[in-house]
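Please read the structure below before turning to the comments.
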Amino acid sequence: MEVYRFCFPSNLKYLDRVYDITSKILQDMPIDLMAKRRILTAVSEAVTNSLVHGNKENSDKTVRLTFQQNDGYLQIDVDDQGKGFAPQITSLIESAKKLEERGRGIPIMKAYVDEVRFKYMKRKGMKVSLRKNLA
Amino acid sequence: MEVYRFCFPSNLKYLDRVYDITSKILQDMPIDLMAKRRILTAVSEAVTNSLVHGNKENSDKTVRLTFQQNDGYLQIDVDDQGKGFAPQITSLIESAKKLEERGRGIPIMKAYVDEVRFKYMKRKGMKVSLRKNLA
Amino acid sequence: MEIVRNTLGDTAVLHLNGRLNLNSSAEAKNRIKELLDKRSRKIILNLTRVDFINSSGLGVLISVLKDIRLANSRLAITNLSPYVHEIFEITQLVNVFDIYDNEEAALDGFLLKSGDMGRLR
Amino acid sequence: MEIVRNTLGDTAVLHLNGRLNLNSSAEAKNRIKELLDKRSRKIILNLTRVDFINSSGLGVLISVLKDIRLANSRLAITNLSPYVHEIFEITQLVNVFDIYDNEEAALDGFLLKSGDMGRLR
Ligand SMILES: Nc1ncnc2c1ncn2[C@@H]1O[C@H](COP(=O)(O)OP(=O)(O)O)[C@@H](O)[C@H]1O
Ligand SMILES: Nc1ncnc2c1ncn2[C@@H]1O[C@H](COP(=O)(O)OP(=O)(O)O)[C@@H](O)[C@H]1O
């Protein structure tokens with residue numbers, strides 16, 4: 001099994017690094033280009049949330065991004081050191097109608113990967129897990 | 001502090017993946033291009049040894065590659081699950097004279113980074129640590 | 001994110017270049033608003049060189065749209081790659097933005113829908 | 001690792017393309033030896049498109065060199081990028097291989113050092 005893990009301080013500049021490295025990791029996986037872009041997008045949403053909402057951009061706090069490729073699926077975990085949260089259901093139709101500038105991150109994750117799970121890890125922080133089935 | 005870690009099965013095909021990902025990680029570091037190529041080379045030597053000599057290309061065994069960027073230096077650890085070894089001193093001059101086909105990996109590591117350390121981790125395997133001072 | 005401003009007749013055309021994520025969004029939003037002075041009544045955002053956009057980038061575009069609407073100006077978005085188009089679809093923003101294949105089609109769109117047609121009545 | 005064979009007069013020229021690491025080395029070694037038939041007396045390996053080489057790749061070149069010497073043929077290596085040249089220096093292999101800036105210089109080198117000069121004596 002392949003595992004890729006990056007830990008980085010909570011600074012928005014890492015969004016570009018995460019993008020570059022995620023692209024590289026996905027590069028050779030048996031997934032078509034469009035699916036790769038969707039995964040990249042879902043990862044960017046989860047990492048943005050961990051940096052901003054979870055760790056409040058406190059550069060002493062770390063975000064940990066882990067890719068595990070198994071036979072049947074790719075699992076991506078994003079761990080922060082924040083207080084966690086209870087995800088609400090938001091409607092993209094409502095957000096569009098109201099011209100909301102925010103609130104589309106989690107719905108985009110859900111649209112772009114096969115499974116999104118949220119788990120609060122006691123005394124550690126939030127874990128968001130994205131799972132993409134492989135053909 | 002940034003930490004990047006990859007774990008992968010002991011198969012030579014990962015040498016190319018390691019190269020790609022190491023390039024990406026080094027990309028934005030404050031190191032000139034020539035130094036980046038030297039680090040890439042040292043990493044390839046250490047990873048090759050872990051795959052071949054350490055884990056004997058047994059794909060049930062994992063090689064773990066970790067990059068930690070600190071203020072003063074970049075540390076790269078390569079961990080295998082092998083029996084370890086006691087490094088011998090080999091002379092590149094002798095190897096050249098004798099047209100040896102092997103035995104240049106460790107000397108190249110030493111030439112290309114600021115510090116190379118070998119440590120046997122009990123019941124785990126060998127850890128080779130490469131350190132490159134940053135300006 | 002690099003943003004270049006051109007003019008097509010009386011239309012301001014902004015070419016966005018790069019990734020529109022939360023790391024670039026504040027700067028992109030300021031730049032776009034800066035480049036759109038009061039006199040821009042018709043505005044095209046050409047996204048042909050946007051390699052990546054996520055919800056943060058969509059937020060920027062919505063903020064810009066709201067400003068443009070408040071100023072009674074008009075906005076068209078053009079040249080969406082399939083990937084960028086998909087995220088507009090999934091987020092239902094295809095129903096919010098006027099989206100065209102290219103700048104020419106957007107200019108036609110302005111004509112067709114705008115007061116310019118009114119004069120013909 | 002892609003390897004293309006050309007001919008320059010009576011010299012076989014192999015262009016190596018890609019990374020020469022332990023993942024490509026076995027295949028590269030076989031390909032090179034396959035492409036060098038018995039009649040190749042002068043051989044140039046052009047490394048201009050070798051992006052990466054480490055000790056495994058150097059091992060391949062040494063193995064090829066030994067074969068060529070055993071066959072009483074001659075080998076020149078050309079077009080080393082600064083990075084590739086450095087690893088030949090560090091490993092002292094600049095003293096083992098005949099290294100030239102380009103194929104032309106290698107051809108001159110063959111002339112200068114070989115029996116072809118002998119005929120002039
Ligand atoms: N890792 C996290 N830690 C804490 N709160 C989070 C986290 N991720 C998301 N949230 C909460 O969920 C809300 C919705 O997230 P999202 O759909 O991504 O939209 P946005 O981030 O634009 O608000 C956020 O506003 C935040 O309150
Ligand atoms: N990770 C490792 N585990 C076990 N033995 C090793 C390891 N790395 C190196 N060695 C030993 O050290 C020797 C010298 O290594 P090196 O200088 O890289 O040359 P080469 O790998 O070409 O033999 C190897 O042949 C091997 O016996």
Side-chain angles (χ1 to χ4, degrees), chain A residues 1-31 33 36 39-40 43-44 47 50-51 55 57-81 124-125 127 134, chain B residues 1-31 33 36 39-40 43-44 47 50-51 55 57-81 124-125 127 134:
Chain A
M1 195 177 66
E2 286 168 65
V3 182
Y4 298 89
R5 172 169 285 179
F6 325 110
C7 307
F8 45 90
S10 299
N11 183 311
L12 292 182
K13 73 177 183 195
Y14 286 100
L15 288 172
D16 289 305
R17 186 69 80 87
V18 162
Y19 182 92
D20 289 336
I21 295 205
T22 303
S23 307
K24 269 290 167 219
I25 291 175
L26 296 177
Q27 187 173 279
D28 301 328
M29 291 198 181
I31 313 173
L33 199 66
K36 284 179 185 170
I39 296 170
L40 269 165
V43 168
S44 82
V47 170
S50 292
L51 290 171
N55 291 351
E57 292 180 63
N58 173 347
S59 60
D60 293 337
K61 290 188 172 176
T62 296
V63 171
R64 195 175 74 183
L65 175 62
T66 311
F67 295 78
Q68 294 186 53
Q69 187 182 350
N70 299 290
D71 279 345
Y73 58 89
L74 169 68
Q75 169 143 347
I76 304 167
D77 292 336
V78 183
D79 291 270
D80 65 39
Q81 301 183 304
K124 286 188 181 160
K127 181 191 284 297
L134 302 176
Chain B
M1 196 177 66
E2 287 168 63
V3 182
Y4 298 90
R5 171 170 285 179
F6 324 111
C7 307
F8 45 91
S10 300
N11 183 312
L12 291 181
K13 73 178 183 193
Y14 287 100
L15 288 171
D16 289 305
R17 185 69 81 84
V18 161
Y19 182 92
D20 289 337
I21 294 204
T22 304
S23 307
K24 269 291 166 218
I25 291 175
L26 295 177
Q27 188 173 279
D28 301 328
M29 291 198 180
I31 313 173
L33 198 67
K36 284 179 185 169
I39 295 170
L40 269 165
V43 168
S44 82
V47 170
S50 292
L51 290 171
N55 291 351
E57 294 180 61
N58 172 349
S59 61
D60 293 336
K61 291 190 172 176
T62 297
V63 171
R64 195 174 74 183
L65 175 62
T66 311
F67 296 78
Q68 295 186 52
Q69 185 181 351
N70 299 290
D71 279 345
Y73 57 91
L74 169 67
Q75 168 142 348
I76 304 167
D77 292 336
V78 182
D79 291 271
D80 65 40
Q81 302 184 305
K124 286 186 181 161
K127 182 191 283 297
L134 301 176

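Letters A, B, ... are given to chains in the order of the sequence lines, protein chains preceding strands, and every chain is numbered from 1.
- Top candidate by heavy-atom pairs under 4.5 Å with chain A, chosen from B/F8, B/F6, B/F67, is B/F6.
- Between chain B and the residues A/T62, A/T66, A/D16, A/I25, the most heavy-atom pairs under 4.5 angstrom are made by A/I25.
- With a 4.5 Å cut-off on non-hydrogen atoms, A/R17 touches chain B through its side chain but not through its backbone.
- Contact of A/L65 with chain B is not made at all, since no heavy-atom distance falls under 4.5 Å.
- Atom-to-atom distance recorded for A/I21:CD1 and B/K24:NZ is 8.5 Å, nearest 0.5 angstrom.
- Looking at A/Q68, neither its backbone nor its side chain comes within 4.5 Å of chain B, counting heavy atoms on both sides.
- For a residue to count as touching a neighbouring chain, one of its non-hydrogen atoms must lie under 4.5 Å from one of that chain's; by this rule A/Y14 touches chain B with the side chain only.
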